[in-house]
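As the structure lists them, so they are numbered: ligands from 1, and atoms in each ligand from 1. The structure presented is a predicted model; accordingly, all values stated were derived computationally and were not measured.
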Amino acid sequence: PIALQHGAHRIGRRTDADMEKWRAYGLGQFIHWGLYSIPAGEWNGKQYSGAAEWLKSWKEVSATAYDSLMYQFNPTKFNAESWAETAKQMGVKYVTITTKHHDGFCLWPSKYTNFTVANSPYKKDIIGPLVKAYDKRGIDVILYFSIMDWHNPDWRYDIKTREDSIAFDRFKQFTRNQLLELLTLYPTAKGLWFDGTWDKSWVKQAAFADSLEKEMRAMRPGLIIGSRFRADEYGKRHFDSNGNMMGDYEQGWERKIPEKIADVHGNDWDCVMTVPENQWGYSKVWKGHIKTTDELLEMLAKCVSLDGNFVLNFGPKPDGTLRTEELDLAKGIGEWMGINSEAIYNGEYAGLVKQDWGYYVKKTGTNKIYMLVFNVPVSGALNVVLPSRTAISKVYDLGNPGQNYAPEEIGTSAYFIHLKQQTFKRPFVIVLETADNSKNSGAQYQKAK
Ligand SMILES: C[C@@H]1N[C@@H](c2nc3ccccc3[nH]2)[C@H](O)[C@@H]1O
């Protein structure tokens, strides 16, 4: 291995209680809210082709004109309690909230810039009430923070001149000040979700970022920081020059999901997902495919089955309300979670051969395996292959406990579970309790004829 000062400081997963709680979340909510929510991807009557929260980067938009949106920020219908209640009903265990996106506008009254809610007609802090409302419902809060800040004149995409270096040193202090301010103002925040860290200017700050990460961890023991925050001294991001992940969980899964367990390298990770193809902030127009409840449930199942968390994005409207499409999805997901959440919470990779009918999730620390069924075979028989000398001791339908299945043993630790009906309206979950049967050779269930 290469000698590194600023690479990974820990190999393998964190085993402390804070991280074990994060690992068990399963389902999360992302909230992208800010000035970009006001134009919602439209400027001078034209629709921006990119993501709405990137509007300020459009050549048609002058920074000054964009920044004056601050004087229009007045979400009169904002109610942190109702957002948190929607999240509670949906069954999320954590929420990631934009404190400052790439445009530099702060949803908290930072004392290090004037470009905050404090100088908007709304005047009041947004982050504080949100943290309080979510904490009250037992939903942990992670603060999203963009290092890249298009408003701050000291921001640089790269450091080419002495002037760049002097300016960026000011920027680094500003960034440190804001992060320590956030941790001080919102001490119950469980972690930070960093973004906007891909430009050369920041990638060259291995030593600074490493010491800042250490400082934040010292200030808030147990703080959870993702792999996107910093680069090592050779400019390697997420995984250092020795291939070891930096940070506590892998943040590379933005709008994409790993295919197989090998893709996650034994690390914790979360997948952050948009409802349309690629819109995080509120956008008037949602082009292309809008994901349905069933699609999102399958993404959730896939993430949990591969040791990750699934975080669904909401882009609230400028008036502070949530759009109907998102409220409908929250309701649909919540109804399913109301019946099946035990297959999601405290779920982990089951280590079984993946079958076409769906996804296995093992309940951490137990012999319970959940079969999350999305694709019912025409045979109506769900194939289950367990590790050798492992038998099924109990099978039942999570949503319909009276519905018993007598698995048919079709080989060594191999079974068919015959479904009683052919059509299902929603994905459903069958629970397997397994037992080690290396002692007795007799099969528990009838052998194949
Ligand atoms: C979580 C997501 N990350 C931001 C983002 N900016 C990008 C620039 C290039 C490629 C991917 C990006 N994702 C998006 O604006 C959103 O906040």
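At least one heavy atom of D195 sits less than 4.0 Å from an atom of ligand 1.
Where the criterion is an N or O separation shorter than 3.5 Å, residue side chain and backbone included, W193 fails it with respect to ligand 1. The N/O atoms of W198, backbone and side chain alike, include none that comes under 3.5 Å of an N/O atom in ligand 1. Looking at W280 next to ligand 1, no N or O pair under 3.5 Å apart turns up.
Residue D270 is tested with W193, F30, Y25 for a side chain to side chain contact (heavy atoms under 4.5 Å, CB included); the sole match is W193. Partner E81 forms a salt bridge (Lys or Arg N to Asp or Glu O under 4.0 Å) with one of K132, K88, R137 and no other, that one being R137. A side chain to side chain contact (heavy atoms under 4.5 Å, CB included) with H101 is found for exactly one of W280, W150, Y144, W33, namely Y144.
The nearest protein atom to atom 8 (C) of ligand 1, hydrogens excluded, is given as W54 CZ2, 3.1 Å; this is a heavy-atom distance. Protein heavy atom in closest approach to atom 16 (C) of ligand 1: H32 NE2, 3.3 Å. E53 OE2, 2.7 Å is the protein heavy atom nearest to atom 15 (O) of ligand 1. When only non-hydrogen protein atoms are considered, atom 2 (C) of ligand 1 lies nearest to E254 OE2, 3.4 Å.
Side chain to side chain, K100 and Q178 meet the donor-acceptor criterion of an N or O pair below 3.5 Å.
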Practice item. Take K56 and D103 through the salt bridge (Lys or Arg N to Asp or Glu O under 4.0 Å) test and state the conclusion after the steps. Key: CA-CA 7 Å; K56 189 174 178 178; D103 64 0; over 6 Å; no
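Salt-bridge formation is detected for the pair D307/R13: a Lys NZ or Arg NE/NH1/NH2 atom is positioned less than 4.0 Å from an Asp or Glu carboxylate oxygen.
Using a 4.0 Å threshold on non-hydrogen atoms, atom 5 (C) of ligand 1 counts as touching the protein.
Taking the six-membered ring for Trp and thresholds of 30 and 60 degrees, F171 and F168 have nearly parallel ring planes, at less than 30 degrees apart.
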